[in-house]
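These notes are about the structure you will find just below.
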Amino acid sequence: MIAKVEPLTPARALRGPFDYLLAGALEGVGVGAMLVVPFGSRRLLGVVVEVAERSDLPPERLAEPLAALEADVPAELVRLGLWVAQEYVTTPARGLALVLPPGTGTGAGRRMAARRSLSASITEAGRRALEGGVRLGERQRAALESLREQPRRVSALARDTGCDHGGLRRLEKRGLVALEQALEESRRPVLRGVGAGAAVTGMTRAQEEALEEVVRRMDAREERDRRLLLRGVTGSGKTEVYLRAVAAALRRGRSAIVLVPEIALTPQTASRFVERFGDSVAVLHSRLSARERYDEWSRLRSGEARVCVGPRSAVFAPLTELGLIVVDEEHDGSYKQEGDPRYDARHVAERRAEACGAVLLAGSATPRPESVLRYERVELRERIDSRSKGGTAPLCNAPGGLPPVELVGMAGVSGPLHQRTRDALDEVRRRKEKAIVLLNRRGWSNYLSCAECGRVWECPNCDVTLVLHRAAGRMSCHHCGHAEPVPRSCPDCGSMSVSRRGLGTEQLGAELERLVAPLPVFRLDADTAPGGGIDRTLQRFDSAPAGVLVGTQMVAKGHDFPDVTLGVVLDADATLRFPDFRADERTFALVAQLAGRSGRGSRGGKVVVQALDPDARALRHAAEHDSEGFVAGELERRAALGYPPYGNLIRVVCSSGEPGPETAAAEAVRRLIDAPGVAVLGPAPLFRLKGRHRAQLVVKAADRSAGIAAVRSAVESVSSSAEHRGASYAVDVDPQ
Ligand code: ADP
Ligand code: ZN
Ligand code: ZN
């Protein structure tokens with residue numbers, strides 16, 4: 001048989017698949033096997049993408065693979081990885097890297113990572129060999145001695161005895177040791193110290209109905225649309241529906257994937273799955289070590305774990321018999337990957353669910369217009385806690401037990417806080433309650449400028465202002481990480497009056513500390529929360545009897561504090577000032593999500609939203625908790641403009657170190673995109689980023705695959721031409 005092998009190399013020029021002859025021990029390998037193959041004078045790791053009867057190459061030119069790795073990938077995932085490569089205009093290797101065991105990606109040197117999880121044990125023959133008579137190398141003897149008491153990991157054995165993988169393989173050949181994939185390693189708990197809340201005994205009528213819809217789709221035999229949108233505010237019981245839907249899948253012998261935005265921000269959700277399903281859950285947490293990540297992958301691959309909870313990459317979990325994919329908080333921007341391949345896990349989830357006949361269940365309080373238009377829908381209209389109080393929530397006057405939202409205009413107001421906001425915060429202080437304050441801008445000041453000559457401090461690599469971080473004593477660029485000391489005087493005119501403009505979360509935190517003292521203020525943003533800081537901050541806020549949580553959009557994500565009585569959003573229309581057709585959608589979601597965090601407890605709650613223009617459509621709808629009305633207006637606007645979901649957008653960014661080539665390359669790509677129903681806007685200059693000059697094209701296509709194909713061929717042809725060698729290219733399908 002012939003294996004068609006796609007090499008896993010970052011080199012764009014090396015395009016497989018290449019044919020290899022399967023013989024001997026490797027005769028039986030199938031699609032998804034990972035092979036080490038000779039390639040010229042090199043060895044490469046590759047994935048079998050097809051097994052065929054014959055090759056177009058003459059037999060004498062066919063080489064045999066050198067070895068097969070222990071790990072392999074389900075054939076369904078190989079197809080999915082290749083589809084991602086097509087759909088997001090990247091190489092097969094990069095698409096396949098997404099579905100491979102962690103650590104096997106396209107990077108050289110990591111290709112043998114899969115072996116590290118091998119464990120070795122001594123055989124009876126091995127024990128006899130130690131007793132005498134058999135010729136053994138010094139290291140091999142040491143390894144056998146070390147295995148006398150118990151089986152050990154191959155990597156640890158190599159470290160202690162010097163007998164490496166090759167040496168162990170030779171012992172295996174002689175029947176003295178047995179090597180096998182180690183799966184039963186003690187698992188470190190991946191989520192610590194997070195209470196998952198009480199288990200729920202009954203379901204509400206609305207929850208029952210939602211679950212029935214899911215199960216009906218799961219059991220449907222005929223080809224049909226299995227996508228479902230679950231709309232319901234925070235606290236309406238969506239997670240409970242997901243849990244029961246997963247249980248239903250497991251009862252049918254099927255597996256399930258639960259996608260969540262970011263586990264560090266939503267530890268409660270993940271731990272509820274662990275609590276409910278125990279060891280059959282694998283959680284892919286961003287803070288797992290490479291080893292833990294590989295172990296979780298292996299547990300999924302072996303079928304020991306049948307449920308995978310994780311962020312966007314979990315959509316590629318190596319599960320078989322998939323019955324359900326849940327996308328929690330489906331509006332969340334983190335489902336889109338920023339780097340190549342720029343895939344959207346929601347779109348991949350649709351594809352995978354369809355290929356597997358699985359149900360796709362997307363949930364949100366603020367679903368995307370795309371999902372509202374395209375998916376069938378079920379609703380949870382009320383919060384569980386308002387319902388359990390007999391449907392009357394005296395301090396709430398909005399529908400479904402949601403808090404009232406007040407919009408206040410900031411035009412002409414001096415200082416960062418409106419009087420209404422100050423009053424509301426003062427009330428929290430007096431009554432010793434809790435508040436969440438959102439400002440989507442970190443640092444102390446947005447920018448520094450010279451009061452004399454007007455100089456503004458900018459990043460030397462990017463055309464953006466440097467942000468002052470006072471505690472760190474630095475000014476830094478939020479795009480490339482460049483940092484420099486805070487200036488005492490202006491280098492242009494020598495003036496000492498350098499003023500700080502624009503308010504960030506650091507300064508706001510200090511201001512709030514003065515305002516609500518002695519209540520504590522907890523700050524949550526990318527500066528305070530590198531790595532492990534996030535859940536610690538959230539836990540401290542949760543366990544404090546009173547206080548204020550202040551931060552960037554992180555504070556509006558999926559976590560769940562029952563006793564918050566005030567939510568505040570500052571500069572809510574800042575996002576609207578970006579030239580982006582999703583600006584309204586993003587603003588609406590941010591405000592509505594924060595509003596959903598307030599007023600869950602018996603004391604009720606309210607929300608104050610500060611904006612320059614409090615009349616903005618997105619804000620008015622958010623204040624009325626009117627996701628329905630907002631989406632209806634949004635769909636109308638998009639239909640008129642041919643924007644998603646009525647059309648497809650593809651962004652092409654050309655960049656170069658010197659000014660000039662990027663624009664020339666973009667012009668060339670533009671000229672080559674020539675297909676009916678495909679329109680190109682640009683090139684337009686983008687701000688310089690990390691020292692790269694950039695030019696952008698926006699491609700609008702009524703037909704998705706026609707648009708993608710046109711862009712692919714234009715970019716491939718320009719990028720391989722000698723004339724445009726100075727530029728690099730990034731293609732982003734469905735840019736966010
Ligand atoms: P969401 O995911 O929409 O935010 P959850 O499923 O987390 O909502 O439910 C909110 C709270 O209500 C949780 O504490 C949950 O345990 C509880 N809950 C959910 N369903 C019920 C129910 N049917 N009866 C009582 N409590 C419930
Ligand atoms: Zn100056
Ligand atoms: Zn920069």
Side-chain angles (χ1 to χ4, degrees), residues 194-211 230-246 258 260-261 266-273 275-276 326-330 361-367 378-389 400-402 447-467 474-484 487-499 542 557-563 593 596-597 600-601 687-692 694:
V194 184
V200 173
T201 44
M203 293 258 280
T204 65
R205 188 71 244 221
Q207 285 174 314
E208 289 287 2
E209 281 172 11
L211 183 62
L230 177 60
R231 175 165 22 207
V233 294
T234 311
S236 60
K238 295 188 295 298
T239 308
E240 192 57 36
V241 174
Y242 305 151
L243 286 160
R244 306 243 177 175
V246 169
V258 180
V260 292
T266 57
Q268 291 135 324
T269 307
S271 53
R272 276 166 78 182
F273 282 87
E275 198 142 291
R276 194 76 55 99
V326 171
V327 186
D328 187 23
E329 308 283 1
E330 71 99 34
L361 177 61
S364 175
T366 55
V378 282
E379 311 239 4
L380 301 178
R381 292 179 189 280
E382 296 207 328
R383 284 179 168 182
I384 298 281
D385 31 23
S386 69
R387 188 198 60 97
S388 61
K389 286 190 301 261
L402 289 161
Y447 64 99
L448 263 67
S449 75
C450 171
E452 291 292 326
C453 72
R455 177 189 214 273
V456 171
W457 272 257
E458 289 188 342
C459 175
N461 312 318
C462 316
D463 294 333
V464 298
T465 56
L466 292 172
V467 176
R474 289 182 314 171
M475 301 200 301
S476 60
C477 171
H478 288 179
H479 292 278
C480 73
H482 167 87
E484 54 185 72
R488 292 173 194 282
S489 61
C490 173
D492 291 352
C493 73
S495 162
M496 303 289 275
S497 52
V498 174
S499 49
D542 193 23
K557 296 278 171 99
H559 46 74
D560 184 7
F561 308 108
D563 47 1
Q593 290 288 335
R597 312 277 156 225
R600 301 279 306 279
F687 73 88
R688 195 166 50 107
L689 183 68
K690 300 180 187 176
R692 309 282 299 173
R694 302 182 302 155

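Order of appearance sets the numbers: ligands from 1, and atoms from 1 within every ligand. From a predicted model like this one, the values you see are computed outputs, not experimental measurements. Residue numbers run from 1 in the order of the sequence given.
For ligand 1, the atoms closer than 4.0 angstrom to any heavy atom of Thr239 are 1 (P), 2 (O), 6 (O), 7 (O). Listed by atom number, the atoms of ligand 1 under 4.0 Å from Thr204 heavy atoms are 23 (N).
Taken to the nearest 0.5 Å, the CD atom of Glu329 stands 6.0 Å off from the NZ atom of Lys238.
When all heavy atoms of Asp328 and Pro261 are compared, the pair lying nearest together is O-CD, 3.9 Å. Of all the heavy atoms in Trp457 and Pro491, the pair that sits closest is CZ2-CD, 3.5 Å. Of all non-hydrogen atoms in Arg488 and Val498, the two that sit nearest each other are O-CG2, 4.4 Å.
Heavy atoms from other residues, nucleotides or ligands lying under 6.0 Å from CZ of Arg474 number 12 at most.
With hydrogens and angles disregarded, a donor-acceptor distance shorter than 3.5 Å links the side chain of Ser499 to the backbone of Ser449.
The shortest N/O to N/O separation between Glu240 and ligand 1 falls below 3.5 Å.
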For this session: Show your working on salt bridge (charged side-chain N to carboxylate O under 4.0 Å, His left out) between Glu330 and Arg231 and close with a plain yes or no.
Result: CA-CA 10 Å; Glu330 71 99 34; Arg231 175 165 22 207; over 6 Å; no
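Within the set Lys238, Arg272, Arg383, the minimum heavy-atom distance to atom 7 (O) of ligand 1 is found for Arg272. Selection from Gly202, Ala206, Ser364, Gly237 by nearest heavy atom to atom 8 (O) of ligand 1 gives Gly237.
Ion pairing of Arg244 with Glu208 is absent here, as no side-chain N (NZ or NE/NH1/NH2) approaches a carboxylate O to less than 4.0 Å.
Between Cys453 atom SG and Cys450 atom SG, the angle centred on the Zn ion (ligand 2) amounts to 110° (nearest 10°). Rounded to 10°, the angle formed at the Zn ion (ligand 3) by SG of Cys480 and SG of Cys462 is 110°.
For His482, every N, O or S atom stays at 2.8 Å or more from the Zn ion (ligand 3). Within the coordination shell of the Zn ion (ligand 3), defined by N, O or S atoms under 2.8 Å, His479 is absent. Distances from the Zn ion (ligand 3) show that His478 has no N/O/S atom below 2.8 Å.
Within the 4.0 Å heavy-atom cutoff, Val233 counts among the residues contacting ligand 1.
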